[in-house]
Student: 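Could you have a look at this structure, given as C-alpha cells, before my questions?
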Amino acid sequence: MSQITEIAPDIFKITTFISEVNIQFNQFLVKDEEPLLYHTGMKGLFPTVNEAVARLIDPTTLRWIGFSHFEADECGALREWQRFAPDATAICSFVSKMVSVDDVVAERPARALEDGEILVTGKFRFKFLQTPHVPHAWDAGHLFEENSGTLLCSDLFHQNGEVEAVTNSDIVSRFKEMLIEYQEGPFANYLPYTTKTEKILGRLAGLKPKTIAPMHGSTYVGDGESAILDLAQAMKDVLS
Ligand SMILES: [Fe+2]
Ligand SMILES: [Fe+2]
C-alpha cells in the first residue's frame, strides 16, 4: 500500500517504495476544481496509485495528468488512467506530445503546453517551463505551482532508499551520493550535464520554490533557490 503525505495544502504525495531497486516512486495528486495527477508511475503501479488517489478524490474525476518527460515512471500508466477517468487529458511539452506520447501511451491527444504557459486548475496556477535535457530527455519540462511555491521537479533531487516523506534538512548530499553511486554501475550517465544545464537550473532557482517535490525521495521544504543552486554545483562536480 502506498503512503500518502500532504506536502502543501491540497497537494498530496503518494509514495511506493520498490525494494528491488531501492527507490521510492512518488506521484502527486493536486486536489482542486480540476484535479491534477503529476506522474502516473509505471503500468504495474496503476492499481496501487489508483487505490491511493481514491483515498483522496473520486479518481474518475481526474482532469489533468502531467509529467516531465516520456519514460515509464513518468507516464507509463497514462492509457490506463485515461480509460479509467474519461475527462483526463495529458499535459506535456510539444516535443513530448509529438515525438512519443500521442503515439505510444495516450488514449486521447495530449495538450502541449508552451514555455511559460499557465494552467489554472481552480485555486492553483501551474506554470510550465520547458527544460530540455533537465533532468534528462529532449522533451523534458517542469510544472511550478505559483501560489504554494511548489516545484514538481521529476528526477532532479533523486534520492535512493526508504527516506522520510518530507524534510527541512539538506537533500542535495543524498542526491550527490546517488549520482556518484550510479556513475559506477549500469545506471551511469543517468542525467546529462550540457552547455545549457546551468542556465536552466538557474531559471528554476529564480522561481524561489518553497517546496521541492522530486519523483524519487523526500520532498524538501525550505529555501528552494539555494537548494537548486547547490544541486547545480553537485551535478557539475560529478557529471561535467
Ligand atoms: Fe526520468
Ligand atoms: Fe524518474
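Remember, it's 1-based here, ligands and their atoms both numbered in the order they're listed.
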Student: Can you classify the ring geometry of F46 versus W81 as parallel (below 30°), tilted (30 to 60°) or perpendicular (above 60°)?
Tutor: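 Geometry flag for W81 against F46: perpendicular rings.
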
Student: Taking only Lys NZ, Arg NE, NH1 and NH2, and the carboxylate oxygens of Asp or Glu, determine whether R63 and D87 approach each other closer than 4.0 Å.
Tutor: no

Student: Can R111 and E117 be counted as an ion pair, charged N to O under 4.0 angstrom?
Tutor: yes

Student: For the Fe ion (ligand 1), find the closest N/O/S atom on H136 and give its atom name.
Tutor: NE2

Student: Is the shortest side-chain heavy-atom distance between V30 and Y38 below 4.5 Å?
Tutor: no

Student: Against S154, only a single residue in E74, E71, H142 fulfils side chain to side chain donor-acceptor pair (under 3.5 Å); can you say which?
Tutor: E74

Student: How is the N/O/S atom of D73 that comes nearest to the Fe ion (ligand 2) named?
Tutor: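 Of all N, O or S atoms belonging to D73, OD2 is the one nearest the Fe ion (ligand 2).
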
Student: Among the N/O/S atoms of E71, select the one at the shortest distance from the Fe ion (ligand 1) and name it.
Tutor: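 Relative to the Fe ion (ligand 1), the closest nitrogen, oxygen or sulfur of E71 carries the name OE1.
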
Student: Using a cut-off of strictly less than 2.8 Å, determine whether S154 has an N/O/S atom near the Fe ion (ligand 2).
Tutor: no

Student: So, of the N/O/S atoms that H69 has, which is the nearest one to the Fe ion (ligand 1)?
Tutor: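 Of all N, O or S atoms belonging to H69, NE2 is the one nearest the Fe ion (ligand 1).
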
Student: How large, to 10°, is the angle at the Fe ion (ligand 2) when you draw lines to NE2 on H216 and to OD1 on D155?
Tutor: 90°

